[in-house]
Amino acid sequence: EKMYTTLLSRLGKTVKITKVFKPFEEMVDKVGMTNIFMYNIAIATFSKVNQMKKARELFDEMIEKGLKPDAITYRTMVHTLCNSGHVEDAYKLLEKMDICNQDLSMWSHVLKGLCQANKVNEAFKIFNLMIGKGYPPDVVSYSILLDGLCKSRYLEQAFMLLDEMYRRGCTPDVVSYNTLLVGYCKMGDLKQARSLLEAMPLRGCDPDIISYNALLRGLCKAWEWDKAWDLLELMRQKGCKPNAVSYSILLNGLGKAGKHLEASRLFKQMTGEGCNPNVVTYTILLDCLCKTGHVEEARELFKQMVKEGFTPDLFTYNAFLHGLLKVQKMEEAMNLLNEMVKKGYNPDSITIKVILDGLCKTGKVNEAYGLFEKMVEQKYVPDMHDYTIIIQSLLAIGKQDSALWLLDTAVQKGWKPD
RNA sequence: ACAUUGGUCAGUGG
């Protein structure tokens, strides 16, 4: 039994790296799952590769067998339920389990899950409930709520919550401040961001690279290029050397502003500054080249990144596909699509929208609809945007009745037209 | 023997 547990653990670790879980699954089926360790390992492993269903089955199975889940089992379950959009279930589980197996971090997972589902109000309800149960919040749980408020654009409330943290003796740390900084910058409120940044050292929190990157993003969004360059200089002076994220923020800003020459120059420059490119920076530049009508250069960049040993990911493929389809290079796009599938990247909802849109814009509405039906058959669940792409192009070629029919189908499936 | 480990920054579609 000990041997099997060790074996399972070893195999589990490789699964987490390679994401290939078939052999592990067979192993789980073959060996008898006899102790709690084996279940804990198996549950954790399956949840790491997004096999929630498997994880839950095992959890139920162990209870049926009369094995009592321990704190670790519960923690793993709560964690993965929250991260896979099943916060409700996580909450139910927490309500059911023994007090001795609960702790603040589990409740924090629930808070985060709710915030990610855009349910900040719910999060606050749980927050109060959790306090009532004897789990006073700490700086982490507060920061989760701060982030939730910021992402829902409730910046004033976030600021007030920061104040509440002081009053309750939960001194905000650099993460709390950064959370708010990001919020201000995304909203374009650079004034507030700057004053918060200046206030930080006075409150015993020196800004770190994330603080500066947040501000950098705000400056790029406002097209304040000179100030952005000044900030880079300031960062170097303060010993916060710009990192790959800093450069990708700048690259993306330049790209979105259509400044592809400057973006290309910065891309070359960053290596000289001791910062190596990565998949993200490559993808940003590639996208920028595509969007500014330089597909040939984009293709060269794609080749270059592969040659330099970087593996294109779904973002890269989607961006490039979009670029190719925009200039009607249908055949090359389909080759790329095949290549990406062969490499193990399954088209996601964005890939599908890119292709639908590409087909429609080249007048191949029928093909688009055919693909759409095929995807639905393969249990892809289209959203309203997928419908919109096709409906719009049906209207464009004067097929109002088909468009209306499709719209009706979407509505019947519970979608709300926008 | 072994397992879980809570918060903040960058990229793709409509």
Side-chain angles (χ1 to χ4, degrees), chain A residues 1-10 12-13 35-45 47 70-80 82 103-112 115 138-148 150 173-183 185-186 208-217 220 243-253 255 278-288 290-291 313-323 325 348-358 383-389 392 418:
Chain A
E1 184 175 346
K2 272 192 192 180
M3 236 177 62
Y4 279 135
T5 315
T6 313
L7 207 58
L8 213 55
S9 160
R10 292 268 165 79
K13 277 184 183 141
N35 64 37
I36 189 166
F37 296 118
M38 289 177 143
Y39 276 105
N40 284 348
I41 295 166
I43 290 172
T45 307
S47 58
D70 64 2
I72 290 176
T73 325
Y74 280 116
R75 184 191 304 284
T76 313
M77 283 307 290
V78 169
H79 180 193
T80 59
C82 289
D103 65 21
L104 181 58
S105 77
M106 293 191 190
W107 286 99
S108 302
H109 274 126
V110 176
L111 294 180
K112 182 155 186 243
C115 288
D138 60 3
V139 60
V140 174
S141 35
Y142 264 119
S143 298
I144 293 172
L145 291 182
L146 276 179
D147 192 44
C150 289
D173 61 10
V174 65
V175 176
S176 325
Y177 287 114
N178 286 345
T179 305
L180 211 56
L181 266 179
V182 171
C185 291
K186 282 196 173 158
D208 62 7
I209 181 84
I210 294 185
S211 327
Y212 290 119
N213 284 346
L215 190 59
L216 196 58
R217 186 192 156 115
C220 286
N243 62 12
V245 175
S246 322
Y247 283 103
S248 63
I249 290 170
L250 269 165
L251 281 171
N252 193 40
N278 60 26
V279 196
V280 177
T281 53
Y282 266 106
T283 303
I284 293 173
L285 188 59
L286 184 124
D287 184 48
C288 162
C290 287
K291 292 219 168 84
D313 62 12
L314 250 184
F315 282 74
T316 322
Y317 281 111
N318 285 343
F320 196 20
L321 272 176
H322 186 218
L325 288 169
D348 66 357
S349 78
I350 293 184
T351 319
I352 290 170
K353 287 175 183 53
V354 165
I355 294 173
L356 284 180
D357 194 52
D383 59 24
M384 193 57 221
H385 299 311
D386 294 312
Y387 285 102
T388 306
I389 293 171
Q392 272 178 350
D418 40 19

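Each chain gets a letter, A, B and so on, in the order its sequence line appears, and its residues count up from 1. What you see is a predicted model, and the numbers here were worked out from it, not measured in a lab.
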Integer-rounded Å distance: [N] [atom2] and [X] [atom1]:
X	N	atom1	atom2	answer
A:Tyr282	B:G11	OH	P	19 Å
A:Met106	B:G6	CE	P	12 Å
A:Tyr212	B:C9	OH	C1'	14 Å
A:Leu325	B:U12	CG	C1'	13 Å
A:Leu216	B:G11	CG	C1'	15 Å
A:Lys291	B:U12	NZ	C1'	7 Å
A:Trp107	B:G7	CH2	P	18 Å
A:Ile284	B:U12	CD1	P	7 Å

Please determine whether any donor N or O and acceptor N or O are separated by less than 3.5 Å between the side chain of [X] and the base of [N].
X	N	result
A:Asp313	B:G11	yes
A:Thr6	B:A1	no
A:Ser105	B:G6	no

Just call it for [X]: base, sugar-phosphate, or nothing, with non-hydrogen atoms closer than 4.0 Å on any strand.
X	value
A:Lys2	base
A:Asp138	base
A:Ala44	sugar-phosphate
A:Asp173	base
A:Ser176	base
A:Asp386	nothing
A:Thr316	base
A:Asn278	base
A:Thr179	sugar-phosphate
A:Leu104	base
A:Val354	sugar-phosphate
A:Ser141	base

NE2/A:His322 to CG/A:Leu286 distance, rounded to the nearest 0.5 angstrom?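 Going from the NE2 atom of A:His322 to the CG atom of A:Leu286 covers 12.5 Å.
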Which nucleotide, [options], lies nearest any side-chain atom of [X]?
X	options	answer
A:Phe37	B:A1, B:G6, B:G11	B:A1
A:Ile249	B:G7, B:A10, B:A3	B:A10
A:Asn318	B:U12, B:U8, B:C2	B:U12
A:Arg217	B:G7, B:G6, B:A10	B:A10
A:Ala319	B:G11, B:U12, B:U8	B:U12
A:Asp383	B:U8, B:G6, B:G13	B:G13
A:His109	B:A10, B:G7, B:G6	B:G6
A:Ser9	B:C9, B:G11, B:C2	B:C2
A:Ile72	B:A3, B:C9, B:G6	B:A3
A:Thr76	B:G13, B:A1, B:U4	B:U4

Respond yes when some side-chain nitrogen or oxygen of [X] is under 4.0 Å from OP1 or OP2 of [N], and no when none is.
X	N	result
A:Lys186	B:A10	yes
A:Lys112	B:G6	no
A:Lys13	B:A3	yes
A:Arg75	B:G6	no

Closest heavy-atom contact between A:Ala319 and A:Cys290? O-SG, 4.2 Å
Contact summary for A:Leu216 and A:Ser246, nearest pair of heavy atoms: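 For A:Leu216 versus A:Ser246, the nearest heavy atoms are CD2-O, 3.6 Å.
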Where the side chain of [X] meets the backbone of [Y], is there a donor-acceptor pair that is under 3.5 Å apart?
X	Y	value
A:Asp138	A:Ser141	yes
A:Asn178	A:Leu181	no
A:Thr179	A:Val175	yes

Taking the basic N atoms (NZ, or NE/NH1/NH2) and the acidic carboxylate oxygens, is any pair closer than 4.0 Å for A:Lys353 and A:Asp383?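 Salt bridge present between A:Lys353 and A:Asp383.
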Between A:Val182, A:Asp208, A:Val245, which is the residue that forms a side chain to side chain contact (heavy atoms under 4.5 Å, CB included) with A:Asn213?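 For A:Asn213, the side chain to side chain contact (heavy atoms under 4.5 Å, CB included) test succeeds with only one of A:Val182, A:Asp208, A:Val245, which is A:Val245.
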